[in-house]
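We name chains A, B, ... by the order of the sequence lines, and we start the count at 1 in each one.
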Amino acid sequence: MAAVTVRLPDGSTKELDAGTTALQFAASIGPRLAKAAVAATFDGAEVDLDTPLRDGAQVSILTAESEGGRSVLRHSTAHVLAQAVLRLWPGAHYAIGPVIEDGFYYDFELPGGAHFSDEDLERIEATMREIMAEDQPFVRHEHTIDEGLAIFEDQPFKREIIEAVGAGHDEVDAPAEGGEAAQVSTYWNSPAFTDLCRGPHVPSTSRLGHFALMRVAGAYWRGDEKRQQLQRIYGTAWESDKALAEHLHRRAEAERRDHRKLGAELDLFSFPEEIGSGLPVFHPKGGTIRRLMEDYSFQRHQAAGYQFVTTPHITKAELFETSGHLDWFADGMFPPMELDGGQQYYLKPMNCPFHVLIFKSSQRSYRELPMRLFEFGTVYRYEKSGVVHGLTRVRGMTQDDAHIFCTREQMADELHTTLSFVLSLLRDFGLEDFFLELSTRPEGKAVGTPEEWEEATETLRTTALAMDLDLVLDEGGGAFYGPKISVQARDAIGRTHQMSTIQLDFQTPQRFEAEYIGADNDRHRPIMIHRALFGSVERFFAILLEHYAGALPTWMSPEQVRVLGVRDDHEHYADKVADRLRAVGARVTVDPADEPLGARIRRAKLLKIPYILVVGDEDVAAGTVGVNRRGSARPDRGIELTEFTEMLETEIAERRIPEVAQ
RNA sequence: GCCUGGGUAGCUCAGUCGGUAGAGCAACGCACUCGUAAUGCGUAGGUCAGGAGUUCGAUUCUCCUCCCAGGCUCCA
C-alpha cells in the first residue's frame with residue numbers, strides 16, 4: 001500500500017498509509033488526542049477530520065480547548081442554530097452565521113416578516129439540543145456555482161453569496177476554497193438541512209452542547225444600512241460546561257463594573273431625562289473626581305510646555321466651512337441657529353479651528369515653535385439616537401484637546417515627545433498595558449495629496465515603532481485630514497479601549513493659511529498635530545471607573561477617609577481626627593453614631609471609601625485610630641494618628657495606584 | 001437613523017384578565033449608644049415616562065412622542 005509522509009508540529013515526521021484521515025492520524029498518536037480533536041490543519045489550512053492526509057503536509061490537530069478548535073465548535077453550533085430555526089419556522093431564510101469573539105451569530109429572515117422574541121430563544125435552544133442528541137454527521141460536498149444556485153433555490157441570501165463567489169468576489173463568509181472561485185462547498189447534516197459553508201466542522205452534532213443563546217438583535221444584510229434588516233441571534237459556545245460557566249461569570253463581572261451602574265450606586269453622575277439623551281450631569285462626588293483628573297492633567301501639561309487657551313462653544317458657520325468639517329460631518333453636528341439676520345451659528349464639534357485662529361492672531365516666528373495650545377474644550381456632536389451609551393458615547397463632552405504647531409523639521413521629535421508624554425500620563429492613572437494602532441488614509445473621504453499622506457503616515461510609523469510597543473495597522477481608519485496613532489489600553493479585565501489619539505494634519509494649516517516666518521525670513525506653513533489623551537474626560541472617567549470597579553486610587557477618591565465614633569461621646573475625638581487629616585489636604589467626613597457601627601461600616605464599604613477609621617475609648621485615651629482599609633480582610637487597631645496621617649499624605653502625594661482587583 | 005425588548009416610589013422589583021397600586025432597601029421622625037459589612041418601631045413618598053384615542057371608566061387596550069437596554073449602521 002502506498003504511504004504518505006506528514007510533518008508534525010514538533011518537527012518530526014510520520015509515515016502512514018495513503019488514505020489515512022486526519023482523525024485516524026490523531027488516533028495513531030493517542031486516543032486522547034483523537035477524542036479531543038474537532039478539526040485539523042494541513043499546511044495551516046483548516047480541514048475536516050475525515051480529510052485524507054496529503055503527502056508532505058505539515059499536519060496539526062485542532063482540539064476543542066484551542067482558540068482554533070473553539071472557532072470550529074462555534075461555527076458548527078451556528079449551523080445547528082440555523083437548522084433549529086428552519087425546523088421551527090419552515091420557509092425561513094438564513095443568511096450568514098460566522099464565529100465572533102467568544103461565540104457566534106446567525107442572521108435570519110422569518111416568513112411573513114415575523115420576529116424572534118425572548119421566549120423563542122428558549123424554544124430554539126431546546127430544538128438545538130434535540131438536533132445535537134440526534135448525532136447528525138456534518139458531511140462536506142463540493143459543487144459548481146450552478147449546482148449551488150440550484151441547491152439554494154429558495155434561499156435568496158445564500159444565492160447572493162454564491163453569485164458573489166461566481167463573480168470572483170470572495171466576500172465575508174463566501175465559501176470559495178483556495179482561489180477556486182468556480183466552486184462552493186456545502187455541509188449536509190440531515191436530509192432536511194444543508195448549509196453553504198467553507199468549513200471545517202466537527203464530525204457530528206453530538207460533539208456540541210456547551211452553548212447558550214444570548215440575545216436577539218437586528219442587523220443589516222451585508223452590514224449595509226440601505227439594505228434590509230435581518231433578525232440576528234447571538235450565542236456563545238465552549239468546549240465544556242465549565243468553560244461556558246466561566247464565560248458567563250466573566251460577563252456578569254463586566255456587568256458589575258458597568259460605569260452606568262457604578263455611577264448611580266456611588267452617586268457620581270446621572271442623565272436627567274429633562275436635559276436630553278447623551279447629556280450627563282456630574283454630581284458633587286463625580287465632579288470632584290473630574291476636577292482631580294483635570295487638575296493633574298493641567299499640571300502635567302504645564303510641565304510639558306503647553307500653553308492654556310479657552311474658546312467659545314458656538315461659532316459662525318464659516319469657520320467649519322473653512323476647516324472642512326461641514327463638508328464631511330454636517331450630519332454629526334447639531335443643526336445651525338440663525339442669528340443676526342440670517343447668519344448661521346453652529347455648536348462646535350471640534351476645537352481645532354479655534355486654536356488655529358489663536359495661532360493666526362499675530363505674525364508667528366519660527367522661534368515660537370513648537371507652539372502647544374491646550375484646552376479642556378467642550379464640544380457637541382449630534383450622535384444618532386441609537387448610539388448614545390453611558391458616558392462613553394455622548395452628545396456633549398469635554399476633550400483634553402491640544403494642537404501643536406511646529407515646523408516640518410520638528411515634526412518627528414515632537415511626535416515622539418508627545419507619544420511619550422501620553423503614555424506617561426496614562427500610566428499615572430493606573431493603565432499599564434498598551435499597544436498602538438496606526439490608522440491610514442480613509443478611502444473616498446480624504447483631503448490632501450497622496451505624497452503628503454505618505455510622508456505623514458511614515459513619520460507616525462517611525463514614531464510608533466520607537467515606543468517598543470506592539471503596533472497594529474488600521475487600514476483606512478484615519479481622519480479625513482490626516483493619519484493617526486491611537487493608544488489602546490487593556491483594562492483590569494482584559495478589554496481594550498481606544499484611549500489617546502495623535503493625528504498629523506497638513507490640511508488645516510493650509511485651509512486656514514496659517515504661516516510663520518522662518519529663519520530664512522520666508523513664510524512657511526506649520527504642521528499641526530492634534531492630540532487628546534483622555535479622548536474625552538467623560539469617556540476616560542468611565543474607563544477608569546470600570547478598570548477600578550469603582551474603587552479609585554486614594555488620590556482620586558472623592559471621599560478618602562470616613563471617621564466613625566463607636567459611641568456619641570467619641571464624636572469630639574472623631575472631629576479632631578478629621579481636622580488633623582484635612583490639615584494635610586485629605587477629603588474626610590465624620591459619620592455620627594446614630595446607627596450601629598456595623599451598619600455605618602457597611603455603608604462606607606459600599607461607597608468604596610479607601611479608609612474607614614473607627615475610634616473608641618482606647619483611641620481617645622491613646623491618640624490612635626482603628627484603620628479599616630479598603631480591600632483588606634481585617635482592620636488594624638491602635639494605629640498612631642500621626643503615623644496614619646503621614647502614611648495617607650504620602651499615598652496621596654505619590655498618587656499611588658492600588659493593586660487592581662480582578 | 002434602523003431592529004428587538006423595556007419605562008410602576010430615590011433604587012431593585014411585584015401587581016393590575018380595564019374599576020386609579022404594593023414589598024424590600026433608601027429618606028424622614030422617635031427610641032437604641034453599639035469596636036469593624038444591615039438595631040427596632042413609626043411616618044411620608046406614585047399624573048404607573050408624556051400626550052392622544054377607544055371606553056361609563058385606561059397604569060392596563062391602540063397610536064404617537066420622549067427616555068433606557070442590547071445589537072446594526074455611524075464615530076472628525
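The ring pair (Phe, Tyr, Trp, His ring centres under 6.0 Å) test with A:Phe116 singles out one residue from A:Tyr106, A:Trp89, A:Tyr234, and that residue is A:Trp89.
Secondary-structure stems of RNA chain B, taken as three or more successive Watson-Crick or G-U wobble pairs (i with j, i+1 with j-1) under a 3.5 Å distance threshold, comprise B:1-7 with B:66-72, B:10-13 with B:22-25, B:27-31 with B:39-43, B:49-53 with B:61-65.
Of the P atoms belonging to B:rG51 and B:rC13, the separation is 25 Å, rounded to the nearest Å. Taking atom P on both B:rC64 and B:rU4, the two are 12 Å apart, rounded to the nearest angstrom.
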Quiz prompt | Under 4.0 Å protein heavy-atom contact, by nucleotide of nucleotides 35-42 of chain B - B base, S sugar-phosphate only | solution = BBBBB---
Practice problem: Using a 4.0 Å heavy-atom cut-off, write out nucleotides 71-76 of chain B from 5' to 3' as B (base contacted by protein), S (sugar-phosphate only) or - (no contact). | Solution: BBBBBB
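Dashed line: the shortest gap from a side-chain N or O of A:His389 to OP1 or OP2 of B:rG70 is under 4.0 Å.
For A:Glu318, the CD atom is loosely surrounded, since the number of other residues' heavy atoms within 6.0 Å does not exceed 12. Shown here is A:Lys605, whose NZ atom has more than 12 heavy atoms of other residues, nucleotides or ligands within 6.0 Å.
Remark: P of B:rC67 and CZ of A:Arg260 are 16 Å apart, rounded to the nearest angstrom. Atom-to-atom, CG of A:Leu121 to C1' of B:rG70 comes out at 12 Å; the value is rounded to the nearest Å. Look at CG on A:Asp267: it is 16 Å from C1' on B:rC25, rounded to the nearest Å. For the pair A:Arg567 CZ and B:rA31 C1', the interatomic distance rounds to 18 Å; values are reported in whole Å. In this structure, A:Phe271 places its CZ atom 16 Å from C1' of B:rC66, rounding to the nearest Å. Taking atom CD of A:Glu109 as the reference point, atom C1' of B:rU4 lies 16 Å away to the nearest angstrom.
A:Ser277 comes within 4.0 angstrom of sugar-phosphate atoms only, judged by non-hydrogen atoms across all strands, and of no base.
Remark: A:His355 NE2 to A:Leu373 CG distance equals 6.5 Å, nearest 0.5 Å.
For A:Arg602, the salt bridge (charged side-chain N to carboxylate O under 4.0 Å, His left out) criterion is met by no residue, not counting sequence neighbours.
Seen from the ring of A:Tyr105, A:Arg232 counts as a face-on cation partner, given the 6.0 Å and 45° thresholds.
The list of ring pair (Phe, Tyr, Trp, His ring centres under 6.0 Å) pairs with a residue in residues 593-619 of chain A, not counting sequence neighbours, reads A:Tyr611-A:Phe644.
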For nucleotides 6-14 of chain B, print each protein N/O atom paired with a nucleotide N/O atom at under 3.5 Å, atom names and distance only.
none

